[in-house]
**Student:** 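Please find one structure pasted underneath; my questions will follow.
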Number of protein chains: 4
Amino acid sequence: MCSTLPRGARTPRTGGRPRSARADAAILEATRAALVELGWSKLTMGDVATRAGVAKTTLYRRWAGKNELVVDAVAVLFDELELPDRGSLADDIEGVVRQFAALLERPETKTALMAVIAESTRDEPLRERIRESIVARQKRLVLEGRRRAQARGELPASAGPATGTDDLIFDVIAGAVVHRALVSAEPVDAQWVRRLTALLLGGLAAAAADAL
Amino acid sequence: MCSTLPRGARTPRTGGRPRSARADAAILEATRAALVELGWSKLTMGDVATRAGVAKTTLYRRWAGKNELVVDAVAVLFDELELPDRGSLADDIEGVVRQFAALLERPETKTALMAVIAESTRDEPLRERIRESIVARQKRLVLEGRRRAQARGELPASAGPATGTDDLIFDVIAGAVVHRALVSAEPVDAQWVRRLTALLLGGLAAAAADAL
Amino acid sequence: MCSTLPRGARTPRTGGRPRSARADAAILEATRAALVELGWSKLTMGDVATRAGVAKTTLYRRWAGKNELVVDAVAVLFDELELPDRGSLADDIEGVVRQFAALLERPETKTALMAVIAESTRDEPLRERIRESIVARQKRLVLEGRRRAQARGELPASAGPATGTDDLIFDVIAGAVVHRALVSAEPVDAQWVRRLTALLLGGLAAAAADAL
Amino acid sequence: MCSTLPRGARTPRTGGRPRSARADAAILEATRAALVELGWSKLTMGDVATRAGVAKTTLYRRWAGKNELVVDAVAVLFDELELPDRGSLADDIEGVVRQFAALLERPETKTALMAVIAESTRDEPLRERIRESIVARQKRLVLEGRRRAQARGELPASAGPATGTDDLIFDVIAGAVVHRALVSAEPVDAQWVRRLTALLLGGLAAAAADAL
DNA sequence: AGCTAAACGAGACGGTACGTCTGGTCTTCCA
DNA sequence: TGGAAGACCAGACGTACCGTCTCGTTTAGCT
């Protein structure tokens with residue numbers, strides 16, 4: 001990954017004291033800690049500043065507001081998502097679902113994710129930031145999984161790079177896990193994961209058969 | 001539908017002036033209007049009271065806070081969801097997906113739904129209220145759809161009433177639509193709906209075959 | 001004393017259920033109790049109603065507001081002031097000063113008297129009510145004292161009934177005691193009373209000599 | 001005068017933006033204006049803030065509440081009291097009585113003084129603040145007047161500095177004027193002042209004779 | 001080594017909204 | 001029809017955060 005947080009990049013440098021990298025790290029860490037303790041709605045900028053041992057001005061010099069700060073604070077957690085090759089499409093899907101579910105179990109993710117998405121429905125730049133920092137992270141896994149399955153011969157080679165099916169699969173997997181974890185508020189356990197995987201594989205097989 | 005809003009039920013009442021039913025309606029209507037104009041995060045209790053021509057105390061007498069008020073205000077919108085019999089499981093699924101997507105397109109629903117779900121991750125009573133007022137509304141449609149498909153012979157008769165598959169299907173449909181509409185922020189158009197339906201039918205068919 | 005509180009008198013009786021005299025007494029008693037416990041500024045109409053086991057409506061039907069209620073509640077305490085004949089002007093003065101000081105030591109009087117006087121500076125009807133219910137009670141004692149002293153020959157017979165000196169003496173005695181008790185917040189003890197009495201007698205004697 | 005308002009002294013200050021002195025002045029001025037227009041009981045903190053062009057928080061950062069604010073706002077008026085040497089004790093007394101009466105005629109003083117004294121009966125720190133800011137201002141005049149009269153030979157030199165008679169004279173003068181102006185609500189005119197002065201001089205002379 | 005310019009902490013600033021409390025008024029039902 | 005109960009509107013309360021603005025103080029990089 002290239003440029004690091006905060007994304008509010010600035011023109012190179014003219015003179016003066018450079019910004020403290022230590023402050024950035026402390027702020028993001030403090031934000032995650034505050035999310036865990038207080039949740040999204042009770043997290044305040046002043047509290048984050050205090051926890052980070054930093055002045056409020058320092059926060060606002062880097063982030064436009066709570067939304068942007070929290071997106072950056074949790075975005076790094078989504079960087080951990082990976083897709084180790086488990087040998088079959090079914091196992092790959094199960095793996096990524098489990099990883100994603102584990103991420104959503106973390107209290108900071110749980111309270112922050114839905115909140116920033118809710119905010120983004122009325123804030124286009126925020127939506128873009130979320131897409132870049134968080135959603136793209138997950139979508140990459142779907143593309144990677146398909147490519148790998150096609151290499152294995154489990155799926156037919158597709159025509160173009162973005163077939164629309166990728167988008168669908170992404171929405172279905174991510175949406176189902178989020179809904180299970182946050183809306184239904186029931187555990188993403190082994191059985192549920194297996195069932196979801198079976199449903200997807202069956203559906204994909206049928207779709208492949210149709211396409212013949 | 002039986003018991004009306006607000007859900008914060010009260011003891012029957014002996015003496016004193018009864019609460020104004022007109023106020024209830026005006027408040028919920030004002031809340032929806034404020035959601036459309038301002039969105040969740042800029043909606044304030046004072047503003048809702050002013051719009052409704054009501055004192056703030058009257059709001060707080062009925063609802064504990066913004067969360068509860070908004071849940072009740074949008075809950076009624078979910079009452080409109082229905083499952084008209086379109087003759088086949090595929091058409092029924094397409095119908096319900098379209099209905100749900102249309103509901104999520106409404107600005108009041110879009111801005112409120114994710115927000116209250118985010119809040120509910122740290123507020124168990126709120127989660128229960130959402131489950132009763134909103135989620136159950138949708139889940140009902142899944143059960144109804146399965147029963148109808150079994151009656152038609154499109155699906156095998158299941159053993160018990162809650163197979164777990166119902167839950168899965170519910171999370172997949174609702175989650176996928178929400179994710180498409182709010183996270184990916186792309187239109188739930190005819191093609192996407194058809195693809196989702198195909199995926200589900202394929203997956204269900206495979207699952208039925210497995211069970212043989 | 002003739003007509004009792006509340007002063008907001010009403011035409012005798014037309015029909016229907018008569019007002020409860022018991023309620024009046026309970027309300028005034030509750031007001032005094034609330035004054036003792038809470039003081040003027042934290043006393044509320046709702047609290048008085050609750051203490052008296054009465055609805056707020058009943059309070060407002062009888063008194064225009066907190067000011068009027070409190071005036072009536074403490075006025076009765078001023079009815080207790082008397083001027084027993086102690087045989088000399090000096091002793092009579094000392095007696096009345098002591099009585100008045102004792103009254104001002106009571107917490108309900110202390111907190112209420114200055115407050116209603118403060119209110120009365122912007123409320124003419126209230127001032128009139130205070131004058132009738134409270135001030136006149138005290139002024140009467142000055143007149144009585146003078147008459148008695150003149151009968152004893154301690155003071156020369158004055159021309160008219162209201163010489164202006166009565167008013168002065170009244171303001172001096174009442175003002176001095178109030179100021180000592182509430183502003184200086186120091187005890188009205190025997191020595192202070194003796195000194196005040198001496199000052200007054202000396203002043204009166206000089207005035208009488210002047211008038212010769 | 002040395003230390004300025006607000007009396008709520010603060011630690012010298014190390015970092016941070018310094019408090020605006022302009023705000024202090026604007027607030028106190030606004031408070032006096034509000035007292036004149038609305039009187040004590042209808043004066044609100046929010047209104048004062050608006051008049052002063054200041055946020056409510058700025059008021060509360062400096063004053064604990066309405067009582068403290070009003071004391072400081074009117075205290076400055078009592079600083080104007082002086083005791084110009086008019087050549088005789090009688091004239092000095094008349095002068096100070098007239099000044100004090102003129103002060104009590106001002107609407108802001110009239111409505112505020114009794115009110116804060118009433119509040120102070122249940123609030124020891126407030127009483128102390130009033131004593132420092134207001135009462136001491138007046139008491140000083142009594143001491144000064146006595147010293148001057150003794151220098152002139154009008155009064156015998158007293159033994160100690162605080163004879164108790166000073167306190168008495170102070171309570172009598174201040175109390176009588178306040179009572180006349182606010183309770184009796186009658187004008188402190190030339191005749192009344194002359195009579196009061198005569199009474200005091202007569203009383204003091206008699207006391208001096210006694211002491212021989 | 002000194003200069004410069006930005007970043008830093010601290011905290012006051014004008015605001016907005018909060019959730020509560022009180023003041024008076026108005027229904028509704030009971031006695 | 002008076003009274004208890006309590007809901008009603010209006011608006012002030014004092015607090016919490018917001019995001020901005022002074023302050024005086026570092027702290028880097030460029031002379």
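Naming: A, B, ... by sequence-line order, numbering from 1 per chain.
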**Student:** With respect to Met114(C), which candidate in Thr111(C), Ile117(C), Val116(C) satisfies the side-chain contact (heavy atoms from CB on, under 4.5 Å) definition?
**Tutor:** Ile117(C)

**Student:** Could you tell me whether Thr57(B) contacts a base, only the sugar-phosphate backbone, or nothing, with contacts defined as non-hydrogen atoms closer than 4.0 Å?
**Tutor:** base

**Student:** What is the distance, rounded to the nearest whole Å, between atom CG of Leu69(A) and atom C1' of dG19(F)?
**Tutor:** 14 Å

**Student:** With distance as the sole criterion, do the side chain of Arg17(B) and the base of dC8(F) form a donor-acceptor contact below 3.5 Å?
**Tutor:** no

**Student:** Give the residues of residues 33-49 of chain B touching DNA chain E, defined as any heavy atom closer than 4.0 Å, sorted by residue number.
**Tutor:** Thr44(B), Met45(B), Gly46(B)

**Student:** Nearest whole angstrom, please: distance from the C1' of dG9(E) to the CZ of Arg61(A).
**Tutor:** 10 Å

**Student:** Measure the distance from CG on Asp24(D) to C1' on dA12(E) and round it to the nearest whole Å.
**Tutor:** 12 Å

**Student:** From CZ of Arg19(D) over to C1' of dA10(E), roughly how many Å is that when rounded to an integer?
**Tutor:** 13 Å

**Student:** Are the side chains of Arg19(D) and Arg61(D) in touch, meaning some heavy atoms are under 4.5 Å apart?
**Tutor:** yes

**Student:** So that I can tick it off, tell me whether Asp24(A) and Arg62(A) are bridged by a salt bridge, with the cut-off set at under 4.0 angstrom between side-chain N and carboxylate O.
**Tutor:** yes

**Student:** Round to the nearest Å and state the distance from Arg22(B) atom CZ to dT27(E) atom P.
**Tutor:** 12 Å

**Student:** For Met45(B) and Leu69(B), what are the C-alpha separation, side-chain angles and deciding distance, and is it a side-chain contact (heavy atoms from CB on, under 4.5 Å)?
**Tutor:** CA-CA 9 Å; Met45(B) 297 296 270; Leu69(B) 172 59; 4.0 Å; yes

**Student:** With heavy atoms under 4.0 Å as the rule, sort Gly65(B) into base, sugar-phosphate or nothing.
**Tutor:** nothing

**Student:** To check you understand the geometry: which heavy-atom pair defines the closest contact between Leu126(B) and Ser120(B), and what is its length?
**Tutor:** CD2-N, 3.8 Å

**Student:** Between Lys56(D) and Thr58(B), which has a closest nucleotide on DNA chain F that is more 5'?
**Tutor:** Thr58(B)

**Student:** Provide, to the nearest angstrom, the distance between the CG atom belonging to Leu59(D) and the P atom belonging to dG15(E).
**Tutor:** 13 Å

**Student:** Given atom CG of Asn67(C) and atom C1' of dT22(E), what is their separation to the nearest angstrom?
**Tutor:** 14 Å

**Student:** Give the nucleotide from the list dA7(F), dG19(E), dC8(E) with an atom nearest to the side chain of Tyr60(B).
**Tutor:** dG19(E)

**Student:** Figure out the CD/P separation between Glu68(C) and dG23(E), and round it to whole Å.
**Tutor:** 13 Å

**Student:** Can you tell which of dA28(F), dC8(E), dG23(E) lies closest to the side chain of Lys66(C)?
**Tutor:** dG23(E)

**Student:** Any side-chain N or O of Arg62(C) below 4.0 angstrom from OP1/OP2 of dG24(E)?
**Tutor:** no

**Student:** I want to confirm an ordering. Mapping Ala23(C) and Ala64(D) to their closest nucleotides on DNA chain F, which one lands closer to the 5' end?
**Tutor:** Ala23(C)

**Student:** I'd like to know if Asp123(B) and Arg127(B) make a salt bridge, using a cut-off of under 4.0 Å between side-chain N and carboxylate O.
**Tutor:** no

